[in-house]
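See structure below.
Numbers here are sequence positions counted from 1. When a ligand or atom number is given, it counts from 1 through the structure's own listing order. Please read all numbers here as calculations on a predicted model, not as lab measurements.
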Amino acid sequence: MAEPKTNELMEKIVSLCKRRGFIFQSSEIYGGINGFWDYGPLGAELKRNVKELWWRSMTQERGDIVGLEASIIMHPKIWEASGHTSTFSDPMVDCLLTGKRFRADQIEPLSGTILNFVGAADLASFRQLEEGQAQPERSPAWSRPDCAPLLRTIFENYYSSTDAKLGGGHLGLTGERQLQAFQNLVAKGIFQSASIQPFSVLMVPGKDQKYAYRIAREFYQKRSVADPIVIHKSSEPIENTQRYNPENGSLLTEPRQFNLMFKTYVGPVESEENVAYLRPETAQAIFAQFKNVLEVSRQKVPFGICQIGKAFRNEINPRNFTFRSREFEQMELEFFIRPDEVVEAISSRIAKGSEIGIRNSEFGNSDWGWEAWHKYWVEQRIRWYESIGLPRATLVEYWQKPEELAHYARATVDILFKFPFSKRDDRGELAGEELEGIAARSDFDLSQHQRFSGKAMGVFDEELKVAWAKLDEATKKELGRRYHDARFKYLTKSGVPAEQAAQEAKADADGLAKGQYIPHVIEPSAGVDRLILALICHAYSEDQAPDEKGKLESRAVMRFHPRVAPIKVAIFPLLKNRPELVRKAGEVRELLRPHLTVFYDEVGAIGRRYRRQDEAGTPFGVTIDFDTLGEKGPELKDTVTLRDRDSMKQERVEIGDLLPLLLEKVR
Ligand code: GAP
């Protein structure tokens, strides 16, 4: 089948999500609320499966990661330490014409010609003044000695048009004297309505002056100028500007920073000291609880703490269905590692990124520094996406450029998924949008919490203490110097005065000999909702399937990997008016239900029932027919047909074999 166009495809996906109960608009009966979504019965199952698989892969399937479930509202100092209070903001702009809000950095750069306007006056007043110059003594404005010179300045050299073809009235005033005269006349109140607010319109290729005048007139009309004649000052070409609304060419406001954290108050008094925030990420709770978890879990660095939970961001422009929401869930891991100087002290070397056979190696070696661990986690995370049905070819491994990195980050890889709404690159390929970021964040986070809370965030590492004692003096000096310099850099960048920073960095470097250091961290941080959308987009397909009479009809089918599919198996008695079939189907349902999500359906023709489950993404269908009852011979008694959603092939399976067979397929 021909591939549907991107927008058409997204429309079909959004429509299927609603129709089949994957995702609904939040508060829909009240007109919805922008940036918030609800998951219906199928969506809720899909989400639970994904979170369960992530949790299992992080905790149960390995011994070096433990879980945490922290509160959403935390002490506001946490957000000061993390930098969110001061820097977690996006530049926001509004369209001066419609008031529509945009993120300034996401506006499409445009080229064209700008038309600059200095104000507008109502057309009726302007006409009266224009006519008045013929007989000034009979005109109240022209006969005023304070107005006549100003009017002469304007009317001795101007052009005007009230030509409807040019989008209504406009007046060209170019000299500074004329502009000043207009402003003075407005101040003297000789127009019934007027504005001296500057405005401009971008004319992109394909738009003409008439269009720009119309936009300017609408702008001044909204500022209470009746039937405005707009005052055009100048025009100029411009390239790649982000200062204009791509939808209508109107000038935007100056960008202003907008903090994305949702604010609330703890307790009954709405005062500054009771301000708290809904967490914008789950990660910070992990850092804040680092010492508690370390103490109780008997883990040693390298080890990780993971968490799944809600996060909230007051996004300026929620968009692309659930992709950018204001309430969403994250699955985050903070994997704590030894600083490179410690690795080198213990192993005498740091394994280079290129020599690490990460694909074949499950767990890190003692000579792995941050680069190896980072590479390892990028690979692990891609493998996990593959295991739940997103092939590597649908993902992009994007290494952030040095200028894109946060100042404390050593490297960040974004795992992108090629969503149907992604932009296309120069070769016409979908460029992809971020599903997950994997950042090597140095020791920034724990160091910040140490400074802000006054509580030590370092660890004691027996292996380091033993190894350090055996190092020669030159190596101790070299490793100590490198550790000192990194600590000094962090402290001074964080605003600690140089003298104090030097003392603290020296104490930190001296700590190495005692086996003490602040761990570094690798952070794989994924969004659950974006992943659900990626799975839905990837699963959606259309093909042809035969109906009851064998005639081909189109079907929408959600090809979820059986591991994530919301319903694993559907049970169909061939006919609902044959009690023996219904009874047997009930038995099969009860056999499978304790182990798998099962859906029982006896309504409608069997082809229709298959179609309904294809749209729900159910990978297997079990039909109980007359053969099952042994009506066509004893050899088929107690067998059922097992239908595969993707191939539509059917095989005959003994009821006794059904459960182990299905469990193997869905695990
Ligand atoms: N602790 C690091 C952190 O929060 P992030 O890149 O801001 O990093 C991590 O967020 C992931 O959370 C993103 O890759 C994305 O999957 C998800 N995410 C972030 N903002 C989101 C939003 N507004 N709507 C849905 N998911 C979002």
If the plane angle is over 60° it's perpendicular, under 30° parallel, otherwise tilted; pick one for H407 and F444.
-> perpendicular
Could you label the plane-to-plane angle of the F290 and F336 rings as parallel, tilted or perpendicular, counting under 30° as parallel and over 60° as perpendicular?
-> tilted
Is R326 touching ligand 1 with its side chain, its backbone, both, or neither, if touching means heavy atoms under 4.0 Å apart?
->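 It is neither; nothing of R326 touches ligand 1.
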With a 4.0 Å cut-off, would you call [X] and [Y] a salt bridge?
X	Y	value
K300	D64	no
R313	E327	no
E254	R243	yes
R487	E504	no
K47	D529	yes

Checking R279 against Y277: charged group under 6.0 Å from the ring centre and within 45 degrees of the axis?
->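 Here R279 fails the 6.0 Å and 45° test against Y277.
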Does L435 reach ligand 1, in the sense of a heavy atom lying below 4.0 Å from it?
-> yes
Are side-chain heavy atoms of P339 and W370 found at a separation under 4.5 Å?
-> no
Protein heavy-atom partner closest to [atom] - residue, atom, separation in Å:
atom	answer
atom 18 (N) of ligand 1	F328 CE1, 3.5 Å
atom 10 (O) of ligand 1	Q330 NE2, 3.3 Å
atom 25 (C) of ligand 1	F323 O, 3.1 Å
atom 15 (C) of ligand 1	R530 NH1, 3.5 Å
atom 8 (O) of ligand 1	S525 OG, 3.8 Å
atom 19 (C) of ligand 1	R313 NH1, 3.4 Å
atom 14 (O) of ligand 1	E434 OE2, 2.5 Å
atom 17 (C) of ligand 1	G527 CA, 3.7 Å

Would you mind listing which atoms of ligand 1 come within a distance below 4.0 Å of any non-hydrogen atom of [X]?
X	answer
E332	1 (N), 2 (C), 3 (C), 4 (O)
E436	14 (O)
A283	1 (N)
E523	1 (N), 2 (C)
S325	22 (C), 23 (N), 24 (N), 25 (C)

Minimum heavy-atom separation for K568 to R563, with atom names?
-> NZ-O, 3.0 Å
Based purely on interatomic distance, does T322 place a nitrogen or oxygen under 3.5 Å from a nitrogen or oxygen of ligand 1?
-> no
